[in-house]
Amino acid sequence: MTAFEPPSAPGSPAAFGSSGALGTDGHDAVVLAGGAARRLGGADKPGVRVGGRALLDRVLAACSGAAVTVVVAEPRPTARPVEWAREDPPGGGPLAALDAGLRHTTAEYVVVLSADLPFLDRETVRRLLTALHEGRGSHDSHESGVEGVLLTDPDGRDQPLVAAYRRSALLRELAALRAAHGELAGLPLRRLTGALELTRITDPVASFDCDTWDDIAAARARIREHGHVLDEWITAAKDELGIDLEVDTGLLLDLARDAAHGVARPAAPLTTFLVGYAAGRAGGGPEAVAEAARKATALALRWAAEAQSDAPAPADTTSTAPATADAPADAGATATPPRPAGGARPSGDARPDAG
């Protein structure tokens with residue numbers, strides 16, 4: 001397990017390729033997802049869900065800017081299209097898996113990732129690639145011959161499966177190891193990385209990996225924290241609905257608060273917006289809306305099921321029934337008189353949580 005802590009500085013633009021140093025044709029990605037997961041009792045680790053999304057799908061979203069993404073594992077349904085590869089023999093270890101994945105790539109820059117990184121994002125991938133492109137990492141380099149940039153955890157340990165490498169350097173060292181040992185199966189990854197000119201970037205959040213069920217529980221708990229839950233939910237909903245759109249949640253929340261006069265659950269209007277957008281992209285109509293709503297509902301149920309399995313959820317006593325003459329509305333659902341023409345607010349009509 002690698003510990004995590006809040007990042008020390010805000011990130012730059014999230015989408016590498018659209019505004020980063022390299023275009024989307026500048027790198028490929030290889031994701032190793034075929035491990036035995038012994039510390040999880042042999043569970044299907046890439047398929048374990050955090051925040052309603054499989055760990056593998058979370059990693060694939062982070063490397064979505066790659067021209068080609070290769071997953072080394074048995075094929076399975078994924079949220080994004082990928083190419084599949086398998087090491088020979090299956091279960092031959094990370095070097096054999098990396099060799100199999102590289103055979104499907106052509107770009108000089110290759111992002112190499114494990115499939116158990118719940119907090120990896122596109123910004124981290126962009127940082128790795130930019131550092132490799134510029135030949136430096138978080139520590140100054142006296143020369144530009146860097147062959148790989150990898151993350152380290154808070155204890156300073158290298159994470160070679162959260163890294164960007166020069167493909168030519170990987171192929172060179174894999175060929176040397178094959179010549180020396182006859183095969184790659186069973187060889188440790190450090191035999192390769194130890195021969196490369198590397199630099200490092202420390203990122204305690206993105207380097208967090210899930211090796212045990214305690215790690216899974218910690219990841220699930222973190223995404224439900226106040227500072228993370230809404231962004232995590234919106235990202236999960238966009239991935240589920242197939243929407244690649246930067247959502248200004250502040251703007252939408254202000255709009256929803258104005259319209260509903262104090263929304264109790266901000267995920268609801270945001271999700272409704274995403275459902276509408278997805279339906280519009282699908283051509284609109286009742287069928288498109290129903291299909292998008294079905295996907296979002298299924299995601300919400302999975303989200304709730306995780307919370308219930310890790311810790312009992314508090315009972316929800318909020319009433320959603322409309323106010324009547326005999327039963328006045330509560331403070332969070334007070335009826336608001338209509339606005340006059342021109343958008344002016346009636347006297348006394350203040351936002352419940354303004355200021």
Side-chain angles (χ1 to χ4, degrees), residues 14-18 20 22-37 44-49 53-118 120-122 124-126 128-129 132-133 148-150 159-175 177-178 183-185 189 192 206 209 238-244:
F16 185 86
S18 60
L22 301 173
T24 55
D25 59 346
H27 72 281
D28 293 332
V30 175
V31 181
L32 307 189
D44 175 26
K45 181 160 67 169
V48 172
R49 297 185 184 276
R53 294 189 294 162
L55 284 171
L56 175 57
D57 282 334
R58 296 178 73 94
V59 172
L60 293 178
C63 61
S64 60
V68 174
T69 299
V70 185
V71 179
V72 185
E74 287 297 323
R76 65 172 69 217
T78 55
R80 297 174 183 271
V82 300
E83 295 189 18
W84 296 95
R86 199 68 169 116
E87 70 272 29
D88 185 18
L95 279 185
L98 177 58
D99 181 65
L102 286 175
R103 296 174 186 273
H104 294 256
T105 65
T106 58
E108 172 59 7
Y109 300 101
V110 180
V111 179
V112 178
L113 305 166
S114 61
D116 61 351
L117 303 164
L120 184 71
D121 57 20
R122 286 180 288 179
T124 303
V125 171
R126 189 198 67 81
L128 289 168
L129 287 162
L132 180 60
H133 180 65
V149 180
L150 50 77
Q159 300 294 320
L161 296 183
V162 198
Y165 300 98
R166 295 185 183 273
R167 181 174 182 270
S168 56
L170 294 178
L171 294 177
R172 181 193 72 222
E173 295 306 322
L174 287 170
L177 288 169
R178 189 181 290 106
E183 62 179 11
L184 300 173
L189 194 59
L192 181 146
D209 55 2
K238 290 192 297 183
D239 204 48
E240 187 78 5
L241 298 170
I243 298 172
D244 188 11

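Considering only heavy atoms from C-beta on, P118 stays 4.5 Å or farther from R53 through its side chain. You'll find the side chain of L150 stays beyond 4.5 Å of the side chain of Q159, heavy atoms only. Using a 4.5 Å cut-off on side-chain heavy atoms (C-beta onward), L56 and R76 make contact. At least one side-chain heavy atom of L171 sits under 4.5 Å from a side-chain heavy atom of L102. The shortest side-chain heavy-atom distance between L60 and V82 falls under the 4.5 Å cut-off. Residues L120 and V162 form a side-chain contact, since some pair of their non-hydrogen atoms from C-beta on lies under 4.5 Å apart. Residues D116 and P46 have side chains not in contact (no heavy-atom distance under 4.5 Å, counting atoms from C-beta outward).
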**Residues L161, D209; criterion side chain to side chain contact (heavy atoms under 4.5 Å, CB included); working and verdict** = CA-CA 10 Å; L161 296 183; D209 55 2; over 6 Å; no
**Asked** So S114 and V31, side chain to side chain contact (heavy atoms under 4.5 Å, CB included) or not? Walk me through it.
**Response** CA-CA 6 Å; S114 61; V31 181; over 6 Å; no
**Request:** Determine, stepwise, if the pair R86 / E74 fulfils side chain to side chain contact (heavy atoms under 4.5 Å, CB included).
**Result:** CA-CA 7 Å; R86 199 68 169 116; E74 287 297 323; 3.2 Å; yes
**Prompt:** Yes or no on side chain to side chain contact (heavy atoms under 4.5 Å, CB included) for L177 and L95, after CA distance, side-chain angles and deciding distance?
**Reply:** CA-CA 10 Å; L177 288 169; L95 279 185; 3.8 Å; yes
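Annotation: the span from S64 atom OG to D239 atom CG amounts to 9.0 Å, rounded to 0.5 Å. With values rounded to the nearest 0.5 angstrom, H133 atom NE2 is found 9.0 Å from R166 atom CZ. If you take CG on L189 and CG on L98, they are separated by 7.0 Å, rounding to the nearest 0.5 Å. In this structure, the separation between OG1 on T124 and CZ on R122 is 11.5 Å, given to the nearest 0.5 Å. Taking CG of L117 as the reference point, atom SG of C63 lies at 10.0 Å (rounded to 0.5 Å).
Using a 3.5 Å distance cut-off with no hydrogens or angles, the side chains of T69 and E83 do not pair a donor with an acceptor.
For the side-chain hydrogen bond (donor to acceptor under 3.5 Å, both in side chains) test, residues two or more places apart in sequence or in another chain that qualify with R58 are E232. Every residue two or more places apart in sequence or in another chain was checked for a side-chain hydrogen bond (donor to acceptor under 3.5 Å, both in side chains) with R49, and none qualifies.
A salt bridge is absent between R167 and D28: the closest approach of a Lys/Arg side-chain nitrogen to an acidic carboxylate oxygen does not fall below 4.0 angstrom. The residues R80 and D57 are annotated as not salt-bridged, no charged nitrogen and carboxylate oxygen being separated by less than 4.0 angstrom.
Summarising the geometry of L129 relative to A164, their closest heavy-atom pair is CD2-CB, 4.0 Å, with the distance given to 0.1 Å. Taking both residues in full, the closest heavy atoms of W84 and H104 are given as O-CE1, 3.7 Å, listed atom of the first, atom of the second, then distance.
No donor-acceptor pair under 3.5 Å is formed between the side chain of Y165 and the backbone N or O of L132.
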